[in-house]
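Read through the structure below, which is laid out as structure tokens, and then see the notes.
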Amino acid sequence: MENISMKLSKVPAHVGIIMDGNGRWATKSGYDRNYGHQRGAETALKVIEWSKEFGINYLTLYTFSEENWKRPQNEIEFLFDLLIRYFEDNLKRIIENGVNVRFLGRINKLPESLIKTCKEIEDISKNNKDFNLIFALNYSGRQEIVDAVNKILKEKKTTITKEDIDSNLYLPDVPYPDLIIRTAGEERLSNFLLWQSAYSELYFTETLWPDFSYDDYFNALLDYSKRERRFGGISSKSKDMEENL
Ligand code: FPP
């Protein structure tokens, strides 16, 4: 496994993952939906380790969207308890290995106990530089853009540039995601990193999140490594051909 990145001609610096399918996995296997989330959390732990091995620098996990408040109260409460346990039991160990952890979203609107855990995690990992782990929590891509615009308006600006939006995002230093993976067959972004994903490569797999394996991840990265990113330009091959005319 240690030489795996050699098989990939390029590795994305930043991967975003929409971890979908916990509920379907549970229902299909005869379990309660909440058990699906618990298994999903275990998959997330493995994916963090694999990301480091692949040489990825930033991993953003879509953990709870602003729209997820529409779920039944008991599922929301279970998710928040699971997150607190997860952050306290696993993240501290991960942080000891040099991981910087941050949260992306309107964290202050979450329950007090979860806010406290998030702040503590951010604080103890703030000087770590080996790997950047970001949990999108109570996150909405549209809201992030609106919040950025409102911050800029407070500066009494009359016109707004793309750079203004960039520098007023929740985590302005984080590079745009190169690759966004979504599990469980749905092919949409669901309000995830809307501004930042303008030129991200998108990869969809039918695999339900609790079943997402090392091979699934590797296949997504292999697919990415074969793509040509043009960012609105023309392919480097056609450019060479034009220059030789
Ligand atoms: C989608 O499954 C997943 C979520 C709503 C949140 C993601 C949460 C986890 C993976 C668990 C906790 C994660 C961490 C990192 C501790 P779904 O319920 O929408 O599945 P469905 O579409 O099949 O119903």
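Note that ligands are numbered from 1 as they come in the structure, with each ligand's atoms numbered from 1 the same way. Since we're looking at a predicted model, the values are computed, not measured. Side-chain atoms are counted along with the backbone in the values below, which use heavy atoms only and exclude waters and symmetry mates.
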**Study point:** R24 N/O to ligand 1 N/O under 3.5 Å
**Key:** yes

**Study point:** Region of F135 engaging ligand 1 - heavy atom pairs below 4.0 Å
**Key:** side chain

Review point. Is ligand 1 less than 4.0 angstrom away from at least one heavy atom of E186?
Key: no

Check your understanding: Hey, are N34 and E75 close enough side-chain-wise for a donor-acceptor pair under 3.5 Å?
Key -> no

Exercise for review: For side chain to side chain donor-acceptor pair (under 3.5 Å), just list the numbers for S190 and Y62, CA-CA rounded to whole Å, side-chain angles, deciding distance to a tenth of an Å, and then say yes or no.
Suggested key: CA-CA 10 Å; S190 299; Y62 202 7; over 6 Å; no

Review point. Going by the atom numbers of ligand 1, which of them fall below 4.0 Å from some non-hydrogen atom of L83?
Key: 16 (C)

Point to revise | Element-labelled atoms of ligand 1 that are located less than 4.0 Å from some non-hydrogen atom of A44 | key: 15 (C)

Side-chain donor-acceptor pairs of residues 76-88 under 3.5 Å, sequence neighbours excluded:
unit_1 : atom_1 : unit_2 : atom_2 : d
E77    : OE2    : Q73    : NE2    : 3.1

Revision key, fill the gap. To the nearest 0.5 Å, atom CG of N108 lies from atom SG of C118 at 10.0 Å

Review point. Taking only heavy atoms of W209, which atoms of ligand 1 are found under 4.0 Å from at least one of them?
Key: 10 (C)

Practice item. Could you go through the side chain to side chain donor-acceptor pair (under 3.5 Å) check for Y139 and E66 one step at a time? Key: CA-CA 5 Å; Y139 177 78; E66 278 199 350; over 6 Å; no

**Study point:** Region of R71 that comes within reach of ligand 1 [heavy atoms, distance under 4.0 Å]
**Key:** side chain

Practice item. Report yes if some N/O of W25 lies less than 3.5 Å from some N/O of ligand 1; otherwise report no. Key: no

Point to revise | Close side-chain approach of K162 and W195, heavy atoms under 4.5 Å | key: yes

Point to revise | Numbered atoms and elements of ligand 1 in range of Y86, under 4.0 angstrom, heavy atoms | key: 16 (C)

Review point. What's the shortest distance from atom 7 (C) of ligand 1 to any protein heavy atom, and which residue and atom give it?
Key: T63 O, 3.6 Å

Check your understanding: So, does T63 use its side chain to make a donor-acceptor pair with the main chain of L61 at under 3.5 Å?
Key -> yes

Practice item. List the closest protein heavy-atom neighbour of atom 20 (O) of ligand 1: residue, atom name, distance to the nearest 0.1 Å. Key: G23 N, 3.0 Å

Practice item. With rounding to the nearest 0.5 Å, note down the distance linking OG1 in T183 to CH2 in W25. Key: 13.5 Å

**Study point:** Donor-acceptor contact below 3.5 Å, side chain N138 vs main chain I107
**Key:** no

Practice item. Would you mind finding which of R33, M19, E67 brings a heavy atom closest to atom 24 (O) of ligand 1? Key: R33

Point to revise | Parallel, tilted or perpendicular: rings of Y214 and W50 (30°, 60°) | key: perpendicular

Study note, to complete from the structure: Near H37 (heavy-atom distance under 4.0 Å), the atoms of ligand 1 are 11 (C), 18 (O)

Review point. Does G21 come within less than 4.0 angstrom of ligand 1, counting non-hydrogen atoms of the residue?
Key: yes

Exercise for review: Please work out whether any backbone atom (N, CA, C, O) or any side-chain heavy atom from C-beta onward of F64 is under 4.0 Å from ligand 1, and answer side chain, backbone, both or neither.
Suggested key: neither

Revision key, fill the gap. among protein heavy atoms, the one nearest atom 2 (O) of ligand 1 is N22 N, 3.3 Å

**Study point:** Nearest heavy atoms of V99 and N128, plus distance in Å
**Key:** O-ND2, 2.8 Å

Check your understanding: With backbone taken as N, CA, C and O and side chain as the heavy atoms from C-beta onward, which portion of T27 lies under 4.0 Å from ligand 1: side chain, backbone, both, or neither?
Key -> neither

